Amino acid sequence: MSEERLVSPIETRGVAGTKRYAMVVDTRRCIGCMACQVACKSEYDTPLGVNRTWVPYKVVGKYPTVKKQFLPRLCNHCDDPPCVRNCPVEATFKVPDGGFVLQRYERCIGCRTCMASCPYNARFMLPAHRTYTNITSVVDKCTFCFHRVTQNLVPACVQTCIGRARVFGDINDPTSEVSYLVANNATQVLRPEEGTKPQVYYIGADRNQTEFGRDAYQRRDQMDQDRSAFNNFFKI
Amino acid sequence: MLDKLKLNRRTFIKLSAGTGAAAAAAPSALHAMEKELGGKDVGPVTMEQRKAIPINCHVCNIQDGAIAYVENGRIVKLEGNPEHVSTRGRLCAKGNSGMWYTYDPDRILFPLKRVGARGEGKWKRITWDEALAELAQKLDGALKEDPNSIVMKYGRNRSGGVIDRFMNTLGSASVINHTSVCESSKKIGMEPTWGPDIETPDFANAKYILNFGSNIMEAAYFHNPYAQRVAEGLVENKAKLVTFDVRLSNTAGRSDEWIPVFPATDGAVALAIGHVILRENLQDSAFINTWTNVTVDELKAHYRQFTPEWASKLSGVPAETIERIAREFATTKPATTYTYRGPAKHLYGSYNEKACMMLPIMTGNIEVRGGYCLPRGMGWPQPQPEPPKAAKHSTLAHPPEYPLAHHKVSHLTPFWIADGRQKVNVYISYQDNPVYTNPGADTVWGKLLRDEKLVPYYVSMSPFMGEETALADLILPDCPYLERWEPESMPNSLWPWLGIRQPVIAPLGEARENRVMMRDIIHKLDPTGARGMKKYWEFKDGEDYLRHHFDKIPGLKEAGGLDFLKKHGVWPIYGKLDPKNGKITDKTGREIQAEYGLYKKELSAADMAGAVVGKDGVITKNGKAIGIRRDGRNCVGFSTGNRLINVRVDEWAKYGFNPMPTFKQIPWHKAMKDDELILTTYKINVHKQSRTAAVKWLAEIMHSNPVWMNTETGRKLGIKTGDLVRIESKVGYMVTKAYVFEGIQPKVVAIPTAFGHWAYGRLATLKLKDKPAYGGQEDPDLNNVWWDDKGVHPNDIIPVVADPIGGSQGWFDTVVKVTKAGPNDKYGDVKASWDKHVESFKETMRYAYTGDLHRKMHPEMASWAGPESAGHKEH
Amino acid sequence: MGDYVWFHDVSWHATYAIYFFVIGISVGLFFFSFLSWHRPAFESLRVKTAYGSFAVLCIGGLLLIGDLSQPLRFFNVLNPAYLHFTSPLAWGAMNIVSFSLVSVAYLYMLNKGDDANAKKLAAVGALLALGLPIYTGFDMTVHQSRPVWNTPLMPPLFVAMALVSGTAVASFLAAANEEAMRMLRLFMIWSAGAVGVMLVSLLGTTAYGGSAQELAFDILTSGSIGLMFIGLGIVGGTVVPIGLMVAPYGRQRNGLLLSAALILGGDLAMRISLLMGPQIVQTLY
Ligand SMILES: Nc1nc2c(c(=O)[nH]1)N[C@H]1C(S)=C(S)[C@@H](COP(=O)(O)OP(=O)(O)OC[C@H]3O[C@@H](n4cnc5c(=O)[nH]c(N)nc54)[C@H](O)[C@@H]3O)O[C@H]1N2
Ligand SMILES: Nc1nc2c(c(=O)[nH]1)N[C@H]1C(S)=C(S)[C@@H](COP(=O)(O)OP(=O)(O)OC[C@H]3O[C@@H](n4cnc5c(=O)[nH]c(N)nc54)[C@H](O)[C@@H]3O)O[C@H]1N2
Ligand code: SF4
Ligand code: SF4
Ligand code: SF4
Ligand code: SF4
Ligand code: SF4
Ligand SMILES: [Mo]
């Protein structure tokens with residue numbers, strides 16, 4: 001794999017004695033059911049307007065040869081995460097054993113620098129209103145379900161994945177299913193050129209989905225109407 | 001760095017705790033110990049393990065086994081039950097958000113009595129006692145006049161017999177379901193042919209899957225369990241999936257091949273595929289000759305007429321594609337077809353379904369591993385004593401014009417009531433919102449339910465202010481599924497099971513679960529038991545009621561009866577969900593295998609005692625066919641009258657319908673002009689008909705429903721994505737936005753259901769400035785609603801059509817004109833006319849076996865002696 | 001609309017650009033107060049610019065803190081236990097705090113009339129001031145996935161923008177002072193020129209860049225952002241004022257003030273578009 005050579009001390013991919021959790025997303029199995037997105041929302045009481053994971057789709061081809069492509073998205077728990085590097089108060093940090101990139105909510109000042117430095121839009125600012133959780137107005141993100149994984153449970157999105165497109169495990173363990181899948185299939189990660197060493201590996205992902213700027217190149221006025229509602233709400 | 005240290009220590013402890021557990025359980029380290037696939041849940045903030053209660057999902061009707069997790073008395077998480085053989089621990093997007101039925105801020109939490117005009121939205125809170133007294137008094141009046149004047153209309157009825165018990169106790173046969181707007185013609189296409197109303201394809205082991213109009217990856221019976229197996233089949237078993245649909249559903253979009261068809265022509269395509277199979281001798285002759293009521297030669301003779309060229313003209317599917325698919329399907333084993341509403345929801349949908357199911361039959365893919373299998377279900381005994389069936393027959397429940405429509409013709413009810421077929425004194429609705437979900441919607445059902453002459457008294461049993469409930473005189477707040485007791489079983493995998501719903505939390509507010517509510521009504525009517533009603537309703541509570549179902553079932557009884565189900569949610573438990581492959585494995589770690597060839601099961605000596613074997617091989621006992629002798633073996637056969645697969649359905653011929661597989665083109669499709677299109681409607685993965693519009697997580701994902709149109713069609717009509725368009729049918733018009741793209745048949749426009757509500761609470765209607773009005777608790781998160789479009793609902797402009805055989809609504813047959821919206825058209829305008837709907841009603845009745853068009857449509861049945869011969873009398 | 005698509009908020013809204021803008025002015029003004037010790041022409045500006053710089057600095061500080069979703073936690077940045085040196089924001093916090101302390105001390109000395117110390121403080125302050133545009137530049141440069149931001153140009157560009165905007169404000173303060181105005185004019189021409197040159201090279205590399213740059217260029221040169229960046233920023237805020245100033249009219253007081261006003265408007269417009277443009281591209285991924 002491209003990132004066998006560790007260039008920064010923070011990387012733990014392939015480092016003996018440490019766990020390096022990763023997710024494999026087999027898009028051939030993704031049916032775009034959105035169960036993962038909603039399971040994650042309920043696991044964390046995530047407010048409307050923001051998401052820790054989301055499943056965009058693209059319709060590609062010309063009638064009558066048309067396909068629908070889904071690409072489940074979430075934080076890549078990068079092995080060399082720019083978000084961590086750029087946090088002025090280390091409110092976001094990487095857990096050495098496991099590679100989780102997490103937040104210290106009580107410390108976050110809300111400067112949004114980490115959002116600016118994430119190439120994947122994986123971070124968001126929590127609004128002031130939530131249903132029952134009192135953590136608000138700080139930056140949040142996917143935690144790779146740290147609280148579940150450390151209790152020997154798979155992440156919530158993996159747990160409910162109808163297509164079993166999401167598989168989670170320790171990629172430093174050569175006998176794990178993720179290692180097996182990565183070794184056995186052609187995989188790709190998102191925006192590898194950013195040097196973030198993403199730990200979400202995609203099987204069968206479509207370039208209409210993975211390439212940066214595709215949305216901008218083929219604008220869909222359809223979503224633009226909704227987008228402008230979103231932009232108005234967030235005053236973008 | 002202090003605080004980092006602290007967190008890291010915690011991190012360290014947690015991590016080692018996790019790995020510790022893993023190490024402990026790890027096998028001889030040949031394979032990594034993968035994380036568990038659920039069964040427990042931990043609070044992300046509290047880090048505490050959450051209380052787990054097994055239940056059965058009922059956001060939609062697929063009936064997945066689930067677990068509800070409770071933290072600080074609140075239902076915070078829903079998850080699939082890992083012990084459930086069909087669900088295997090996973091829930092769909094809807095199932096994951098079911099707690100919002102319970103916590104819907106606009107939920108009704110106490111009885112409401114109408115003040116002001118019907119539908120005006122003015123309500124008075126009353127006590128249960130006042131409510132029950134008022135209702136009892138109305139029922140009393142009705143009973144004196146005619147028990148059948150008490151009409152019960154239910155949609156989703158999972159009460160396990162309570163509603164029938166209630167109506168039988170009252171002695172009314174006027175019980176109407178929603179099945180005719182659902183899939184009934186599929187059921188009617190199948191039942192006379194092989195017994196059950198549905199198939200169970202073994203997707204995981206199939207090599208070839210031919211899907212006719214089932215959106216299995218988003219909807220269908222049974223979305224979650226089946227989609228899991230389809231994904232498995234496609235990737236692990238390298239199966240090929242071919243989908244016929246008029247538009248690019250997610251299933252079509254994820255299939256190896258999407259084959260667009262012209263609406264309502266699947267039957268023709270299926271017949272032509274059969275033609276090629278028989279022409280090229282690719283059929284399974286042994287199976288046909290042994291297990292069906294026709295011979296291969298008869299079949300070949302009959303299918304000769306259905307050429308690919310003929311089907312191609314009708315369907316737009318190239319003849320060579322039909323031939324290729326036919327060869328692939330017949331020569332790839334095992335193979336299965338799957339259908340859902342696509343072929344069935346048309347005039348003559350029953351013929352379409354029948355034609356499709358002929359393919360697995362003629363290729364012998366019935367009840368084989370990876371093939372087209374019989375459904376596996378389980379039942380339960382009813383508490384005793386049981387009330388007798390209602391004495392007097394109801395023409396609303398069983399209209400004489402539709403003798404073959406055993407699942408009723410509910411969507412024509414308003415017209416029959418308006419005709420005065422059946423006087424209505426009390427109309428009760430339960431889990432049924434025809435005002436939104438039926439053809440004609442508010443124009444038809446709204447008119448009926450607003451008319452105090454036709455419907456003098458309307459009581460809705462519902463927790464939500466749906467479009468129907470908004471028109472009621474009395475509202476009795478039922479409990480959503482997470483607060484009630486119900487028995488369950490669904491044939492949603494190859495393994496039969498029994499399950500329960502049990503209250504995860506005590507009912508909120510004054511909500512009362514349906515069975516308790518009905519008991520209280522009966523007790524109010526018959527306090528002393530003198531009227532002989534009370535004795536059928538002697539149970540303490542929901543749990544007590546379920547004990548009567550489950551404590552006597554052999555096997556389950558030994559396992560602990562209801563107590564076992566309260567603990568596990570489902571029985572039997574076939575094995576353990578294996579984190580290494582997401583499958584259920586037995587004690588030895590091997591994937592559990594299903595039992596195939598059910599129809600070949602041999603009858604026991606006990607069964608055979610006193611049975612006689614006819615010369616046709618049919619084994620009868622006490623006048624009932626219990627099996628069939630084949631190759632010297634006494635097999636159970638299929639659950640039909642002759643224990644065979646009836647390719648020829650003689651009962652159909654009795655009413656002048658073609659008993660053999662056939663196809664009828666829809667006359668108004670044949671007569672279509674160039675500038676006309678066909679409006680179809682469909683379901684999407686994240687909504688459940690009318691009932692999820694108030695579920696915020698689902699509404700956020702999808703909240704509006706522009707009309708789909710093919711790029712080519714858009715170009716012709718000068719319509720671009722986002723343009724306002726006017727869609728005009730013969731009964732009315734609507735104004736909505738267009739979504740022009742490649743994924744739809746050029747002669748079709750499509751609008752999904754579940755949007756454009758005018759009731760169902762503040763989120764569904766985007767009236768979020770108001771406050772919760774019926775006792776519900778506000779959700780602060782609703783401040784974050786960012787979207788401003790609630791969509792437009794098409795049902796008002798969809799005319800009624802009834803399949804003369806199956807009685808099913810022709811949802812996908814509506815001919816429309818689509819034009820750019822005019823200067824006076826506003827987004828969301830919907831106008832339709834009752835009178836025009838009445839015309840369509842009269843029109844569709846002409847196709848019934850008693851109607852004048854029936855013969856014209858069946859020249860091949862010229863020898864049929866007419867309706868009178870089938871005992872029909874003009875009344 | 002109609003089918004599920006997911007949208008993303010931008011990280012930084014316009015407030016952040018305004019913060020950059022005012023900080024720039026504060027820096028520029030302080031610079032002149034420092035120069036006034038070495039260039040007699042500016043002596044009359046010394047106190048005015050010092051106070052001006054501090055006033056604007058306060059506004060900037062308030063903007064910065066107010067833009068945090070947890071303003072009260074601003075002090076976390078100064079907490080040595082939290083300090084994270086790989087983040088330019090951390091340096092920035094140090095820099096801005098020390099600069100304000102020095103400014104306060106400097107003003108105090110000016111009031112006390114302790115010229116010896118004031119002069120020393122002015123020198124220290126000037127160095128710290130120089131740090132501000134550099135750190136704000138880095139604040140954008142370090143985000144490797146952002147087109148336009150992630151270029152070595154950002155820090156020097158921000159320095160030049162600070163100077164030019166500071167000079168513009170100073171020219172209003174300089175009022176009747178002929179000599180000062182003459183020098184300010186030269187300053188403005190050269191610093192505006194420098195900004196112009198950097199913008200041109202920035203646009204060049206962006207236009208000829210990969211897909212991200214290509215899209216950023218598209219957004220920066222079209223639509224409302226284009227109007228701000230090219231229209232108000234490059235043309236209205238750089239080319240036109242330079243033209244004016246080299247023309248005779250620009251040598252007159254009003255001409256110079258007009259150019260100054262144009263430069264200020266342009267500077268703000270450029271800062272907003274430079275901040276928002278690349279972020280809009282990012283929301284599309
Ligand atoms: N997410 C979700 N799941 C559900 C439900 C829900 O509301 N939401 N409802 C449940 C219920 S009650 C039911 S009945 C099932 C229904 O499940 P399905 O029948 O699978 O879904 P529908 O959308 O009713 O129709 C299926 C497809 O038929 C296509 N179609 C229309 N006309 C034709 C035609 O002439 N030929 C062919 N081949 N296709 C055609 C439509 O484009 C649509 O994609 O889903 C169940 N599951
Ligand atoms: N345009 C269009 N229309 C369609 C379809 C389509 O594909 N397109 N699909 C058709 C199909 S397949 C079907 S099956 C029908 C379904 O039609 P319906 O069964 O009428 O619709 P539902 O949305 O399932 O639920 C009806 C009502 O049940 C009530 N309800 C919800 N939860 C509860 C509860 O816990 N207790 C009680 N007592 N009441 C509750 C709510 O008031 C809700 O309005 O819709 C049909 N309508
Ligand atoms: S995906 Fe973004 S948020 Fe997640 S670790 Fe990488 S950079 Fe940080
Ligand atoms: S927003 Fe919070 S987590 Fe992100 S960089 Fe700023 S302080 Fe760190
Ligand atoms: S891993 Fe956990 S937090 Fe991350 S997306 Fe999946 S469910 Fe959400
Ligand atoms: S749950 Fe799995 S199958 Fe469904 S959308 Fe998410 S990743 Fe795809
Ligand atoms: S398909 Fe989804 S909503 Fe329906 S029962 Fe299963 S989990 Fe629940
Ligand atoms: Mo249905």
Side-chain angles (χ1 to χ4, degrees), chain A residues 26 28-29 31-35 37-39 41-44 47-49 59 61-64 66-68 90 93 95 97-98 104 107 127 129-133 135 147-154 159-164 168-170 173 175-177 220-222 225-226 229-230 233-234, chain B residues 3-4 7 11 14-15 17-18 21-22 31-32 34-38 40 42 44-45 47 74 77 79-80 89-93 96-97 217 224 227-228 231 235 248 250 253-254 258 260 580 582 685-686 696-697 700-701 706 710 721-722 739 741-743 779-781 783-788:
Chain A
D26 188 342
R28 299 169 306 170
R29 300 185 70 135
I31 62 169
C33 66
M34 304 284 133
Q37 186 173 322
V38 178
K41 252 199 154 124
S42 81
E43 183 78 19
Y44 296 95
L48 298 172
V59 173
K62 277 224 154 286
Y63 184 85
V66 194
K67 273 229 162 229
K68 207 163 179 181
E90 262 190 311
F93 66 103
V95 178
D97 189 19
R104 291 193 185 93
R107 196 194 279 193
H129 298 283
R130 284 179 89 163
T131 302
Y132 61 82
T133 310
I135 299 169
H147 70 290
R148 290 176 59 96
V149 173
T150 51
Q151 305 281 319
N152 201 40
L153 285 169
V154 296
Q159 193 283 328
T160 205
C161 181
I162 291 186
R164 204 161 192 272
F168 183 89
D170 177 6
D173 173 349
T175 65
S176 69
E177 190 179 1
R220 287 175 45 204
D221 16 8
Q222 190 58 49
Q225 302 190 18
D226 227 17
F230 183 90
F233 186 83
F234 285 89
Chain B
D3 138 339
K4 175 169 181 181
L7 218 146
T11 308
K14 295 282 180 211
L15 284 166
H31 195 297
E34 305 288 352
K35 303 279 177 229
E36 287 301 324
L37 287 172
K40 63 174 183 159
V42 188
V45 179
M47 285 285 185
R74 186 186 175 99
K77 186 87 179 7
E79 192 177 281
R90 316 170 206 174
L91 297 182
C92 79
N96 269 290
S97 44
M217 292 183 187
N224 174 10
Q228 292 182 25
V235 175
L248 190 80
N250 284 1
R254 300 303 300 155
W258 166 45
K580 294 184 189 66
N685 51 6
V686 297
K696 62 179 184 179
W697 294 331
E700 178 177 41
I701 294 172
N710 182 283
T721 289
Y739 178 29
F741 78 135
E742 298 291 328
D779 172 9
D781 192 17
N783 289 296
N784 302 321
V785 172
W786 52 266
W787 58 97
D788 58 6

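Just so we're clear, the structure is a prediction, and the values are computed from it rather than from any experiment.
- In terms of heavy-atom pairs under 4.5 angstrom with chain A, the leader among Leu37(B), Asp779(B), Asn250(B) is Asn250(B).
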- Task: Walk me through it: do Arg164(A) and Arg90(B) pass the test side-chain contact (heavy atoms from CB on, under 4.5 Å)?
- Result: CA-CA 9 Å; Arg164(A) 204 161 192 272; Arg90(B) 316 170 206 174; 3.9 Å; yes
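- With a threshold of 4.5 angstrom between heavy atoms, Phe233(A) approaches chain B through side-chain atoms but not through N, CA, C or O.
- Between chain B and the residues Phe234(A), Tyr132(A), Tyr44(A), the largest count of heavy-atom pairs under 4.5 Å involves Tyr132(A).
- Contact annotation for Asp170(A): neither backbone nor side-chain heavy atoms come within less than 4.5 Å of a heavy atom of chain B.
- No other option in Val154(A), Leu48(A), Val38(A) has as many heavy-atom pairs under 4.5 Å with chain B as Leu48(A).
- Remark: side-chain polar atoms of Gln228(B) are not paired, donor with acceptor, to backbone N or O of Gly163(A) under 3.5 angstrom.
- Both the backbone and the side chain of Asn783(B) come within contact range of chain A, each with at least one heavy atom under 4.5 Å from a heavy atom of that chain.
- With sequence neighbours excluded, the residues satisfying side chain to side chain donor-acceptor pair (under 3.5 Å) with Lys77(B) are Glu43(A).
- Of the listed residues Thr160(A), Asp26(A), Val66(A), the one with more heavy-atom pairs under 4.5 angstrom with chain B than any other is Thr160(A).
- Interface summary for chain B: among Cys161(A), Gly169(A), Gly61(A), the most heavy-atom pairs under 4.5 angstrom belong to Cys161(A).
- Using a 4.5 Å cut-off between heavy atoms, Val45(B) touches chain A through its side chain atoms alone.
- Heavy atoms of Val785(B) lying under 4.5 Å from chain A belong to its backbone as well as its side chain.
- Glu177(A) and Lys580(B) get closest at one heavy-atom pair: OE1-O, 3.3 Å.
- Between Asn96(B) and Ala35(A), the closest heavy-atom pair is ND2-O, 3.8 Å.
- A donor-acceptor contact shorter than 3.5 Å links the side chain of Arg254(B) to the backbone of Lys68(A).
- Taking Asp788(B), Leu91(B), Val686(B) one by one and counting their heavy-atom pairs under 4.5 Å with chain A, the maximum is reached by Leu91(B).
- With hydrogens and angles ignored, the 3.5 Å screen pairs a side-chain donor or acceptor of Asn685(B) with a backbone N or O of Gly32(A).
- Trp258(B) and Pro64(A) get closest at one heavy-atom pair: CE3-O, 3.7 Å.
- Between atom CG of residue Asn224(B) and atom CD1 of residue Ile31(A) there is a gap of 8.0 Å, rounded to the nearest 0.5 Å.
- The closest donor-acceptor contact from the side chain of Glu742(B) to the backbone of Tyr63(A) lies under 3.5 Å.
- The greatest number of non-hydrogen atom pairs below 4.5 Å with chain A, out of Gly80(B), Ala231(B), Gly743(B), is found for Ala231(B).
- The distance from the CD atom of Gln151(A) to the NZ atom of Lys40(B) is 5.0 Å, given to the nearest 0.5 Å.
- To the nearest 0.5 Å, the span separating CG on Leu153(A) from CD on Glu79(B) amounts to 7.5 Å.
- Separation of atoms CD (Glu34(B)) and OG1 (Thr175(A)) is listed at 7.5 Å; rounding is to 0.5 Å.
- The residue among Lys62(A), Met34(A), Gln159(A), Lys67(A) with the most heavy atom pairs within less than 4.5 Å of chain B is Gln159(A).
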Q | Check against side-chain contact (heavy atoms from CB on, under 4.5 Å), Met217(B) and Cys33(A) | A | CA-CA 7 Å; Met217(B) 292 183 187; Cys33(A) 66; over 6 Å; no
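- In this structure, NZ in Lys696(B) is found 8.5 Å from NZ in Lys41(A), a value given to the nearest 0.5 Å.
- In plain terms, the two heavy atoms of Ile701(B) and Gln37(A) that are nearest each other are CG1-NE2, 3.6 Å.
- Of the possible donor and acceptor atoms, one in the side chain of Asn784(B) sits under 3.5 Å from a partner among the backbone N and O of His129(A).
- Proximity to chain B is limited to the backbone of Arg130(A), based on heavy atoms less than 4.5 angstrom apart.
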